[in-house]
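As the structure is a computational prediction, the values presented were derived from the model and not from experiment.
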Number of protein chains: 2
Amino acid sequence: MNKKVEIIKALGDETRLRILNLFIRWGKNLCVCELVDSLKMPQYHISKHINILRSAGFFNSEREGTWIYYNLNNSDSSNKELFNFLKRYLNEEQFEADYELLKQRLLLREEGKCVVGFIPEKDLLKKIQMKTEEV
Amino acid sequence: MNKKVEIIKALGDETRLRILNLFIRWGKNLCVCELVDSLKMPQYHISKHINILRSAGFFNSEREGTWIYYNLNNSDSSNKELFNFLKRYLNEEQFEADYELLKQRLLLREEGKCVVGFIPEKDLLKKIQMKTEEV
DNA sequence: TGTTTGTATGCAAATATTGGCATATTAGAA
DNA sequence: TTCTAATATGCCAATATTTGCATACAAACA
């Protein structure tokens, strides 16, 4: 199938658009557990959709210990155009709310690295609060 | 489902992208038989995909006798942004070739209106040639 | 009214996608 | 080497999509 068709097809799923939205807004690398917590979805679900997005050429990945960081693949100029478009287009509440939660979750990073795995939904906000109160 | 997700999902099909490509490049109304001839697909196939695109809010339609003309719905500004993006993004050979054939097919219009139904593939180019040689 | 023409649609088979569970893989730590 | 943690994947059932055919519909015209 035509490559661009394949790419646009890969976009056509709510979970995948929510994942991409986080990468596009954040602009830097993210690991799976940060996505799991931000989107409140099972890990296997996120992993599978990331895999589909990766096959479509959206991501680079890089392992650091047991963590794997994904990053948008901006080396292709038509990808870059696509991301720019989506950044403006995905302006609905859901996408904004997802990013707000991601930003909270990123407070748990230390020296720019994820240092916790995924956190049961009920503990997440408490944990973030404790963390930000540490001095 | 989220409206924008639904819209992007509707894009995720080769036939539908090819149809949209023709509208976006041409910028004016088109009838089903012009699409059938340009994309060389069965009429029911085109009609069904147009229906999906219409449900996603991409088209207005207008009947003139037995012909039905479709037109891009530009009244929504986020649609307009999407079309602008696609105009640049759908730059592959297939999309250009489709538009070249459409332009040929449009030579059969008279006073801006489609006056023939769909034409067997083998006769199309001959018919266009005859038409353009008239006077 | 009957026929033709452009377009739409109901139905069923073929195919593809999604979501859930269990389990595999990989690397670090004990 | 064994355990744990982060991530990936194989398998299956459920669901959705696509395609093809036949046919319906609506307007024009004889």
Side-chain angles (χ1 to χ4, degrees), chain A residues 1-2 5-6 8-19 29-56 59-71 105 108-110 113-120 123, chain B residues 1-2 5-6 8-19 29-56 59-71 105 108-110 113-120 123:
Chain A
M1 188 175 37
N2 180 304
V5 174
E6 200 185 322
I8 293 182
K9 200 166 193 162
L11 296 179
D13 174 272
E14 178 149 22
T15 302
R16 293 199 287 275
L17 279 174
R18 288 175 68 192
I19 290 174
N29 64 18
L30 291 170
C31 68
V32 174
C33 60
E34 289 168 335
L35 296 168
V36 166
D37 287 350
S38 303
L39 301 180
K40 299 171 184 171
M41 286 181 188
Q43 173 266 322
Y44 65 80
H45 196 160
I46 300 288
S47 277
K48 279 184 181 174
H49 282 294
I50 281 201
N51 195 36
I52 291 170
L53 290 169
R54 192 161 48 80
S55 303
F59 290 130
N60 299 124
S61 66
E62 177 181 20
R63 181 183 276 276
E64 287 200 21
T66 51
W67 276 271
I68 297 177
Y69 289 95
Y70 288 89
N71 229 321
R105 177 60 167 77
L108 295 180
R109 282 196 177 188
E110 286 179 10
K113 301 292 176 194
C114 181
V115 293
V116 295
F118 78 85
I119 298 166
D123 301 333
Chain B
M1 189 175 36
N2 181 304
V5 174
E6 198 186 325
I8 292 181
K9 198 165 196 165
L11 297 179
D13 174 273
E14 179 149 20
T15 302
R16 291 198 289 273
L17 279 174
R18 288 174 70 193
I19 290 174
N29 64 15
L30 292 170
C31 67
V32 173
C33 60
E34 289 167 335
L35 296 167
V36 167
D37 286 350
S38 301
L39 301 180
K40 299 170 184 170
M41 289 181 188
Q43 174 266 321
Y44 64 81
H45 196 161
I46 300 287
S47 277
K48 280 184 180 174
H49 283 294
I50 282 202
N51 196 35
I52 291 170
L53 291 168
R54 193 160 47 81
S55 302
F59 290 132
N60 300 123
S61 66
E62 177 180 22
R63 181 184 276 276
E64 286 202 29
T66 53
W67 278 272
I68 296 177
Y69 289 95
Y70 288 90
N71 229 321
R105 177 59 167 78
L108 295 181
R109 281 194 177 189
E110 285 178 10
K113 301 292 176 191
C114 181
V115 293
V116 295
F118 79 86
I119 298 164
D123 301 333

Can you sort out the partners of Y70(B) under ring pair (Phe, Tyr, Trp, His ring centres under 6.0 Å), two or more places apart, ordered by chain and number?
F59(B)

Between dT7(D), dT9(C), dG20(D), which nucleotide gets closest to the side-chain atoms of V32(A)?
dT7(D)

Residue-level proximity of residues 34-41 of chain B to DNA chain C when a heavy atom falls under 4.0 Å
none

Please report, rounded to the nearest Å, how far the P atom of dA5(D) is from the CD1 atom of I119(A).
13 Å

So if I take every side-chain heavy atom of I68(B) and compare against dA8(C), dT7(D), dG20(D), which nucleotide ends up nearest?
dA8(C)

Spacing between W67(A) atom CH2 and dA5(D) atom C1', to the nearest angstrom
8 Å

Side chain to side chain contact (heavy atoms under 4.5 Å, CB included) assessment of R105(B) paired with V116(B):
CA-CA 10 Å; R105(B) 177 59 167 78; V116(B) 295; 3.5 Å; yes

Please enumerate all residues that pass side-chain hydrogen bond (donor to acceptor under 3.5 Å, both in side chains) together with N2(B), with sequence neighbours excluded.
E92(A)

Partners meeting side-chain contact (heavy atoms from CB on, under 4.5 Å) with E62(B) (sequence neighbours left out)
none

Sugar-phosphate atoms are those with a prime plus P, OP1 and OP2; base atoms are the rest. Using that split, label each nucleotide of nucleotides 24-30 of chain C B, S or - for protein heavy atoms under 4.0 Å, 5' to 3'.
--SBS--

What's the CZ-P distance between F118(B) and dT4(C), to the nearest Å?
15 Å

Touch class at under 4.0 angstrom, heavy-atom based, for V116(A) against every strand present:
sugar-phosphate

Protein-nucleotide distance (I46(A), atom CD1; dA8(D), atom C1'), rounded to Å
13 Å

Rounded to whole Å, how long is the line connecting atom CD1 of I50(B) with atom P of dG6(C)?
15 Å

Please report the distance, rounded to the nearest Å, between CD1 in I8(B) and P in dT17(C).
18 Å

Taken in chain and number order and not counting sequence neighbours, the residues that satisfy side-chain hydrogen bond (donor to acceptor under 3.5 Å, both in side chains) with S47(A) are Q43(A)

How would you summarise protein contacts on nucleotides 10-19 of chain D per nucleotide, using B for base, S for sugar-phosphate only and - for none, with heavy-atom distances below 4.0 Å?
BB------SB

Heavy-atom side-chain contact between H49(B) and M41(B) under 4.5 Å:
no

To the nearest Å, how far apart are Y69(B) OH and dA8(C) P?
13 Å

Ranking Q43(B) and Q43(A) by the position along DNA chain C of their nearest nucleotide, the one closer to 5' is Q43(B)

Taking only residues two or more places apart in sequence or in another chain, which ones pass salt bridge (charged side-chain N to carboxylate O under 4.0 Å, His left out) with R63(B)?
none

Looking at every heavy atom in both I8(A) and L11(B), which two are closest together, and how far apart are they?
CG2-CB, 3.6 Å

D13(B) side, atom CG; L53(B) side, atom CG - distance, nearest 0.5 Å
8.5 Å

Who are the salt bridge (charged side-chain N to carboxylate O under 4.0 Å, His left out) partners of E64(B), not counting sequence neighbours?
K113(B)

The criterion is side-chain hydrogen bond (donor to acceptor under 3.5 Å, both in side chains); which residues satisfy it with N29(A), sequence neighbours excluded?
R109(A)

Mind calculating the distance between CD (E14(B)) and P (dA16(C)) to the nearest angstrom?
14 Å

Under 4.0 Å, heavy atoms only, any strand: does C114(B) hit a base, just the sugar-phosphate, or nothing?
nothing

If the condition is salt bridge (charged side-chain N to carboxylate O under 4.0 Å, His left out), which residues does R54(A) pass it with, not counting sequence neighbours?
none

